Amino acid sequence: MTSPLLADLNPRQHEAVTLPHTSALVLAGAGSGETRVLTTRIAWLIATGQASPLSILAVTFTNKAAREMLLRLSALTPVSVRGMWIGTFHGLCNRMLRAHHRDANLPQLFQIMDTADQLALIKRLYKAHGLDAERYPPRELAWFIASAKEAGLRPQAVEAGDPFARARVEHYALYEAMCQREGVVDFAELLLRSYELLAGRDAIREHYRRRFSNLLVDEFQDTNLLQYRWLQLLAGPDAAVFAVGDDDQSIYAFRGANAANMQHFERDFGRPERPARLVKLEQNYRSHGNILDAANALIRHNRSRLGKELWTSEGKGEPIRAFAAPTDLDEAAFVVDAVKGIADEGVPLSEIALLYRSNAQSRVLEHALFNAGLPYRVWGGMRFFERAEVKHALGYLRLVASPEDDGAFLRVVNFPPRGIGARTLEQLQDAARGRGTSLWQAASSGAVGGKAGASLGAFVTLIEKLRAETASLPLSEAVAQVNEGSGLVAHYRSEKDGEDRIENLEELVNAAQGFVREAEIAGDAPMLGDRVSPDAPVPDEGPSEGATDPLTAFLAHAALEAGETQEAEGRPALQLMTVHSAKGLEFHTVFVTGLEEGLFPHENSLNEMDGPEEERRLMYVALTRARRRLYLTHAQSRMLHGQTRWHVASRFLDELPRDLVAWLSPARTRTGAVEVDEAEWGRAARAPAKDADAPGWRIGQNVRHAKFGVGVIVGAEGRGSDARVQVNFRDVGVKWLALEYAKLEAA
DNA sequence: TCATCCTTCGTTTTT
DNA sequence: CGAAGGATGA
């Protein structure tokens with residue numbers, strides 16, 4: 001049987017797509033068509049009648065990936081995607097919890113907190129209980145709670161030996177109680193609650209196991225322990241789990257991702273009668289040979305790998321270009337020049353990416369681009385649903401939907417200002433605490449008297465009015481009504497630069513409209529909850545399941561999908577982003593900048609478990625973003641935290657085969673240091689080394705030591721036989737050396 | 001209640 | 001160096 005679905009698949013892709021009903025791990029290299037294989041697998045299962053759309057659950061990490069999958073799938077199959085569960089882990093868990101909110105012990109209209117909401121809640125918690133925010137920074141507690149939840153641990157299960165740990169566990173318990181009282185959940189809670197629901201309710205677990213005989217997972221190397229266990233619970237004995245991932249692209253260990261999940265896949269998802277299969281996709285359709293050869297050579301330096309080698313049927317292409325700049329400013333100037341040249345060749349600016357390890361590095365690049373008049377777009381930063389005015393509008397909507405939500409109450413009770421100050425709120429919070437109620441209840445029952453009480457009463461009346469007015473309106477009109485009725489629009493109109501904010505409020509109305517439209521097209525958008533039937537242990541499944549409450553669904557959507565950082569502008573622009581956010585993207589030309597020891601690999605990672613290997617994977621991701629042309633640059637000195645720092649070239653440059661790399665800057669020594677003459681040394685050399693008057697040596701110079709290896713002189717003191725220099729060695733860090741004894745040589 | 005000063009701190013980030 | 005958040009004063 002030759003289905004048009006399978007045309008153009010290479011043998012390995014074909015094998016993966018047409019595997020029999022058994023669990024399989026697809027080890028998919030960068031640019032090997034992983035998304036295509038995943039979606040084609042689904043389409044093939046349906047086209048051949050092996051699976052009903054209802055039996056499909058496909059899970060991704062980002063909304064973008066989920067949308068992409070949905071889009072491709074609707075192009076591949078005539079069957080409607082409605083009925084399939086396709087979405088992010090969080091989106092699917094949300095959906096499940098809405099359907100079983102009683103069993104999950106959640107209010108029907110529970111609200112989802114984003115990171116900022118969560119932090120605000122912790123701060124309120126600290127205030128309410130008089131906890132020490134100095135000793136237990138709120139951010140740290142948030143991190144602690146998320147880690148515990150990702151390990152599947154409730155407070156009583158967390159081991160706490162010392163008093164400090166015990167205190168944090170106590171705070172965790174208080175946090176939980178507060179969330180429960182207010183009817184809010186954080187991101188990790190969505191997963192943990194859903195996990196516990198499946199673990200604790202046999203009927204529900206069996207229901208979903210019967211239904212989902214085909215589980216498909218994208219970016220499997222990014223799953224954390226809880227997500228892995230969630231999948232295990234969901235996968236019944238007859239289920240086939242199709243997991244696609246690349247251990248070499250695991251770059252999110254710092255937030256709990258556990259690439260070792262790939263190593264356990266066979267053991268945990270294989271069945272005696274149907275052992276798990278392994279398919280490797282190694283043919284790359286993105287990059288030219290030299291780029292792949294470099295990436296392969298680099299990643300071979302990692303020890304813990306499943307093992308994989310990318311190849312292409314295309315030619316070798318151009319050599320990789322490398323450049324050593326004296327300073328970060330020179331590096332930026334070089335990039336600007338090169339970009340101009342590439343643009344002159346006809347490459348669109350939007351096909352050129354500038355990558356860096358940390359966000360702070362974008363500043364210098366932006367500055368140079370701005371001065372050169374080159375349009376650019378920086379990824380990362382403030383996202384749409386995180387903007388203050390949007391959060392305020394969402395706060396009103398949340399309060400309308402769920403009055404117990406103290407976080408929402410506090411956000412909007414005095415915005416726009418209506419004379420409800422800190423003192424009043426303190427009284428109100430005391431009253432609410434005393435009665436064990438929400439702020440909303442305390443306010444509406446007149447717990448605070450006098451003028452302040454009257455202001456609160458007016459606020460309560462306002463919210464009730466909004467609730468009544470919006471109850472029967474379509475979602476987008478309800479949002480518009482809240483924008484106006486809350487006084488937000490009027491407030492921003494009177495503000496000097498409030499136009500942008502009003503525009504964003506209008507954009508929120510559009511977002512609501514778009515959300516509803518999408519939900520209608522999909523028949524049942526992933527974010528819209530299933531019909532809730534509290535009496536039946538398991539709600540009906542099927543195309544008829546629909547949205548019960550568009551407002552709550554929209555609020556969940558706003559929390560789960562923060563939206564674009566910056567709308568793409570009309571004219572094409574250079575793309576600036578961290579290597580992390582470049583994952584999954586590709587460009588004609590890629591610049592990887594700041595390739596310096598301490599920056600990339602980042603100094604903080606060197607002491608971490610698996611840190612250096614994760615940094616190398618990050619570099620691997622960076623290299624494999626390029627289709628045709630790849631530039632690698634580093635600067636010998638760079639402004640960091642307000643002072644000039646000297647760095648040796650990154651070890652990753654040394655790990656690339658020499659014959660693949662063409663150095664555009666002066667000759668490079670075997671060790672990776674760069675020899676430049678005084679004229680080219682530029683700014684760095686002109687800055688006089690104040691106390692580095694030891695003859696023959698100067699700050700910034702590359703040196704080699706018989707035992708410590710290569711490094712850069714970063715400081716000096718004394719003279720004559722006392723002269724000492726401070727050297728930052730690539731491998732062993734900063735050391736002071738007496739020039740009289742140390743056998744230093746120029747490198 | 002807001003504005004301004006001052007301290008602190010500095011990887012990566014999606015949901 | 002520069003952003004962000006807390007504290008302080010008008």
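Nothing here was measured: the structure is a model prediction, and the numbers come from that model. Basis for what follows: all heavy atoms, side chains included, without hydrogens, waters or symmetry-related copies.
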Side chains of [X] and [Y]: is there a donor and an acceptor less than 3.5 Å apart?
X: Gln636(A); Y: Trp646(A); answer: no
X: Asp405(A); Y: Ser402(A); answer: no
X: Gln221(A); Y: Glu219(A); answer: yes
X: Thr424(A); Y: Gln427(A); answer: no

For this session: Provide, to the nearest angstrom, the distance between the CD atom belonging to Gln643(A) and the P atom belonging to dC1(C).
Result: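 Gln643(A) atom CD is separated from dC1(C) atom P by 10 Å.
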Exercise. Can you tell me how far P of dG2(C) sits from CG of Leu640(A), to the nearest Å?
Worked result: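 Rounding to the nearest Å, CG of Leu640(A) and P of dG2(C) are 13 Å apart.
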Exercise. Quick one: on DNA chain B, does Glu614(A) or Arg418(A) contact a more 5' nucleotide (nearest heavy atom)?
Worked result: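 The residue whose closest nucleotide sits nearer the 5' end is Arg418(A).
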Which part of the nucleic acid does [X] contact within heavy-atom distance under 4.0 Å: base, sugar-phosphate only, or nothing?
X: Phe61(A); value: sugar-phosphate
X: Asn359(A); value: sugar-phosphate
X: Asn414(A); value: sugar-phosphate
X: Tyr252(A); value: sugar-phosphate

Exercise. Between OH of Tyr620(A) and CD of Glu613(A), what distance do you get to the nearest 0.5 Å?
Worked result: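 Tyr620(A) OH to Glu613(A) CD: 14.0 Å, rounded to 0.5 Å.
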For this session: Indicate for each nucleotide in nucleotides 4-10 of chain C, in 5' to 3' sequence, whether protein heavy atoms under 4.0 Å reach the base (B), only the sugar-phosphate (S), or nothing (-).
Result: --S----
Exercise. Is the gap between the ring centers of Tyr208(A) and His100(A) under 6.0 Å?
Worked result: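 Under 6.0 Å, so yes.
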Exercise. Would the Tyr136(A) and His171(A) ring centres measure less than 6.0 Å apart?
Worked result: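 Ring centroids of Tyr136(A) and His171(A) are less than 6.0 Å from each other.
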Problem set entry | Close residues, residues 594-609 of chain A, relative to DNA chain B [heavy-atom separation under 4.0 Å] |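 Nucleic-acid contacts, sorted: His602(A), Asn604(A), Glu608(A).
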Problem set entry | For Arg651(A), the option from Glu596(A), Glu615(A), His301(A), Glu597(A) that meets side-chain hydrogen bond (donor to acceptor under 3.5 Å, both in side chains) |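 So, applying the side-chain hydrogen bond (donor to acceptor under 3.5 Å, both in side chains) to Arg651(A) and each of Glu596(A), Glu615(A), His301(A), Glu597(A), only Glu597(A) qualifies.
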Exercise. Expressed in whole Å, how much space separates the P atoms belonging to dT13(B) and dA4(C)?
Worked result: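 About 15 Å, rounded to a whole number of Å.
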For this session: Determine the interplanar angle of the Phe459(A) and Phe409(A) rings, folded into 0 to 90°, and report it as parallel if under 30°, tilted if 30 to 60°, perpendicular if over 60°.
Result: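 Plane angle over 60°, so perpendicular.
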Problem set entry | chain A footprint on DNA chain B, 5' to 3' - any atom under 4.0 Å from a heavy atom |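 Reading along DNA chain B, I get dT1(B) to dT15(B).
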Problem set entry | Matching residue for His580(A) among Tyr252(A), Tyr356(A), Phe600(A) - test: ring-ring contact (aromatic ring centres under 6.0 Å, His included) |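 Of the listed residues Tyr252(A), Tyr356(A), Phe600(A), the ring-ring contact (aromatic ring centres under 6.0 Å, His included) partner of His580(A) is Tyr252(A).
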Problem set entry | Asp247(A) bridged to Arg617(A) by N-O distance under 4.0 Å |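 No.
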